[in-house]
Number of protein chains: 2
Amino acid sequence: MRSAEFDRSHVLEQAMHTFMEHGYAKASMQKLTQATGLHPGSIYCAFGSKKGLFIEAVSFYHQQKLQAFESLFSEDQPVLSSLKELLANTVQECVQNTCAKVCLLTRSLNEIEGQDPEIARLIATNLQQIELSLGEQIARAQRQGEAISDEEPLALARFITMGVYGMRTYAFTNADQSILEQMATQLLRAIEKH
Amino acid sequence: MRSAEFDRSHVLEQAMHTFMEHGYAKASMQKLTQATGLHPGSIYCAFGSKKGLFIEAVSFYHQQKLQAFESLFSEDQPVLSSLKELLANTVQECVQNTCAKVCLLTRSLNEIEGQDPEIARLIATNLQQIELSLGEQIARAQRQGEAISDEEPLALARFITMGVYGMRTYAFTNADQSILEQMATQLLRAIEKH
DNA sequence: GATATACTTGAATGTTCATTCAAGTGCCCT
DNA sequence: AGGGCACTTGAATGAACATTCAAGTATATC
């Protein structure tokens with residue numbers, strides 16, 4: 001036996017960046033080999049295909065985001081504070097001038113539409129998982145008597161989720177921080193109790 | 001002299017559908033020649049390049065949407081009714097199982113990010129124009145004493161715009177009509193007076 | 001240290017792509 | 001009626017693409 005010479009996480013990190021920067025179609029194998037330092041043969045050995053690498057990169061991204069989400073919504077803090085922070089972080093990402101401004105999931109979902117149902121389903125599932133987690137947090141906020149609307153928690157979670165998707169696309173037309181912050185405020189106000 | 005044998009509008013309509021169905025990158029010249037009935041030479045003669053055809057198709061789409069917008073917001077109807085109708089129409093588009101479910105502008109903006117600033121700027125300008133028109137209508141609603149928030153009209157317009165972008169991406173994860181309708185209701189409620 | 005077993009290498013493959021262009025065709029103006 | 005011009009045609013072009021594979025190389029085991 002002989003173990004692989006590359007660090008899989010590191011390779012996925014670089015591939016993820018390449019897909020975020022160029023999108024799926026325009027991230028050529030040449031760019032991917034340059035970014036990861038792997039030769040084509042190694043990528044095909046380790047991931048099967050460009051699509052296989054993409055799927056793993058998407059999952060990698062998803063895991064990162066999910067982890068960030070869960071560490072943000074810790075038990076000993078009001079849910080609404082965490083949610084505010086989540087939106088503030090999203091705004092910060094959107095105004096960056098790096099590939100960090102794009103959400104690999106939403107961007108790829110837009111790109112892939114009508115092309116590859118398998119990838120589309122995977123991304124949709126990933127996004128729904130975060131939406132579901134948010135729903136649980138909102139339910140907790142209601143139980144804890146925070147100043148939040150008493151609508152169905154999942155409906156509120158969907159609304160916030162939709163808002164985040166909208167902000168990300170909106171930021172492509174106008175990446176103005178104060179405008180995005182205002183949107184975040186409007187979104188929060190919409191789910192507050194009144 | 002000799003006039004072109006094809007109808008430019010018809011060609012743009014078909015090209016538009018092709019780009020909506022496959023996206024910019026995956027709409028190959030072969031697909032475009034089949035859809036438009038034009039030969040490559042004719043396309044290059046009439047539009048210069050695939051990019052040129054895309055830019056005109058995007059403008060064509062934009063004009064259609066702008067026209068639909070302006071005929072929806074007629075003077076003799078409350079703005080809030082028209083807005084409700086606009087959102088209902090958006091929901092209807094999103095739940096279709098044809099290429100009509102995608103907005104060529106927002107989808108392409110997502111796809112093109114980081115690839116072609118010229119196209120990105122064009123699309124952003126188009127989207128901002130609709131946002132601006134919406135702002136004018138919201139200002140009119142306020143003047144006419146409709147039950148709408150007294151925040152800055154442009155801020156309200158941005159919020160609705162963001163909501164529509166968000167719904168379109170959300171629909172890719174879950175094209176459930178009742179869920180999208182609920183989102184539309186939530187969006188409207190957020191800009192109502194209370 | 002020898003051998004087997006994987007992993008690595010990167011040039012080669014065949015396909016698909018956007019684009020070009022020279023030949024062909026029909027229309028308009030005189 | 002006929003000459004000239006612009007549009008049409010579609011095969012040809014070369015670049016870029018994802019993918020493959022045979023040769024090379026390092027490591028683990030004995």
Side-chain angles (χ1 to χ4, degrees), chain A residues 1-58 104 108 111-112 114-120 122, chain B residues 1-58 104 108 111-112 114-120 122:
Chain A
M1 273 289 285
R2 180 185 164 198
S3 57
E5 286 177 7
F6 59 87
D7 173 23
R8 201 172 177 90
S9 291
H10 181 253
V11 165
L12 283 174
E13 179 92 33
Q14 300 310 120
M16 182 186 84
H17 277 116
T18 307
F19 286 124
M20 288 171 77
E21 189 172 348
H22 299 100
Y24 178 52
K26 286 278 184 178
S28 63
M29 284 303 294
Q30 196 182 119
K31 284 175 188 146
L32 288 165
T33 54
Q34 279 168 10
T36 60
L38 260 55
H39 292 254
S42 299
I43 290 182
Y44 279 81
C45 176
F47 303 100
S49 63
K50 178 183 170 183
K51 178 176 164 179
L53 175 60
F54 180 66
I55 286 177
E56 290 216 32
V58 161
L104 182 61
S108 301
E111 178 182 351
I112 235 67
Q115 286 175 22
D116 193 314
E118 184 192 352
I119 298 181
L122 167 73
Chain B
M1 274 291 285
R2 180 187 165 198
S3 57
E5 286 176 8
F6 59 87
D7 173 21
R8 202 173 175 89
S9 291
H10 181 253
V11 165
L12 284 174
E13 179 90 33
Q14 300 311 121
M16 183 186 84
H17 278 116
T18 308
F19 285 125
M20 287 172 77
E21 189 172 348
H22 300 100
Y24 177 52
K26 287 276 184 178
S28 63
M29 284 303 295
Q30 197 182 119
K31 284 176 187 147
L32 288 165
T33 54
Q34 280 170 10
T36 60
L38 260 56
H39 292 254
S42 298
I43 290 182
Y44 278 81
C45 177
F47 303 99
S49 65
K50 178 183 171 183
K51 177 176 165 178
L53 175 60
F54 180 66
I55 285 176
E56 291 217 31
V58 161
L104 182 60
S108 303
E111 180 181 352
I112 235 66
Q115 286 175 22
D116 192 314
E118 184 192 351
I119 298 181
L122 167 73

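Per chain, numbering begins at 1; letters A, B, ... match sequence-line order. Quick note: numbers below take in every heavy atom, side chains included, and nothing from hydrogens, waters or symmetry partners.
- Contact annotation: A/His39 reaches the phosphate of C/dG10 (side-chain N/O to OP1 or OP2, under 4.0 Å).
- In this structure, the separation between CG on B/Asp116 and OG on B/Ser108 is 11.5 Å, given to the nearest 0.5 Å.
- Distance A/His22 NE2 to D/dC17 P: 11 Å, rounded to the nearest Å.
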Close N/O contacts between protein and nucleotides 17-22 of chain C (under 3.5 Å):
{"residue": "C/dA18", "atom": "OP1", "partner": "B/Met29", "partner atom": "N", "Å": "3.4"}
{"residue": "C/dA18", "atom": "OP1", "partner": "B/Lys50", "partner atom": "NZ", "Å": "2.8"}
{"residue": "C/dA18", "atom": "OP2", "partner": "B/Met29", "partner atom": "N", "Å": "2.5"}
{"residue": "C/dT19", "atom": "OP2", "partner": "B/Tyr44", "partner atom": "OH", "Å": "2.3"}
{"residue": "C/dT19", "atom": "OP2", "partner": "B/Lys50", "partner atom": "N", "Å": "3.0"}
{"residue": "C/dT19", "atom": "O5'", "partner": "B/Tyr44", "partner atom": "OH", "Å": "2.8"}

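- Looking at every heavy atom in both residues, A/Ala15 comes nearest to A/Thr36 through N-CG2, 4.1 Å.
- When every heavy atom of B/Thr33 is checked against every heavy atom of B/Ile43, the shortest pair comes out as CG2-CD1, 4.0 Å.
- Shown here for B/Ala57 and B/Leu12, the closest heavy-atom pair between the two residues is N-CD2, 3.9 Å.
- Less than 4.0 Å separates DNA chain D from no heavy atom of any residue of residues 11-20 of chain A.
- We find that CD1 of B/Ile43 is positioned 11 Å from P of D/dT9, with the value rounded to whole Å.
- Proximity of A/Phe19 to A/Leu32: side-chain heavy atoms (C-beta onward) are separated by under 4.5 Å at one or more points.
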Checklist entry - Given the rule in the side chain to side chain contact (heavy atoms under 4.5 Å, CB included) test, do A/Leu38 and A/Gln14 qualify, once you have shown the distances and angles that lead to the verdict? => result CA-CA 11 Å; A/Leu38 260 55; A/Gln14 300 310 120; over 6 Å; no
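- B/Ser49 and B/Tyr44 get closest at one heavy-atom pair: CA-CE2, 3.6 Å.
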What donor-acceptor contacts under 3.5 angstrom involve side-chain atoms of residues 20-31 of chain B, with partners at least two apart or in another chain?
{"residue": "B/His22", "atom": "ND1", "partner": "B/Thr18", "partner atom": "O", "Å": "3.3"}
{"residue": "B/Ser28", "atom": "OG", "partner": "B/Lys31", "partner atom": "N", "Å": "3.3"}
{"residue": "B/Lys31", "atom": "NZ", "partner": "B/Lys26", "partner atom": "O", "Å": "3.0"}

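- Between the P atom of D/dA18 and the CZ atom of A/Phe54 lies a distance of 13 Å, rounded to the nearest Å.
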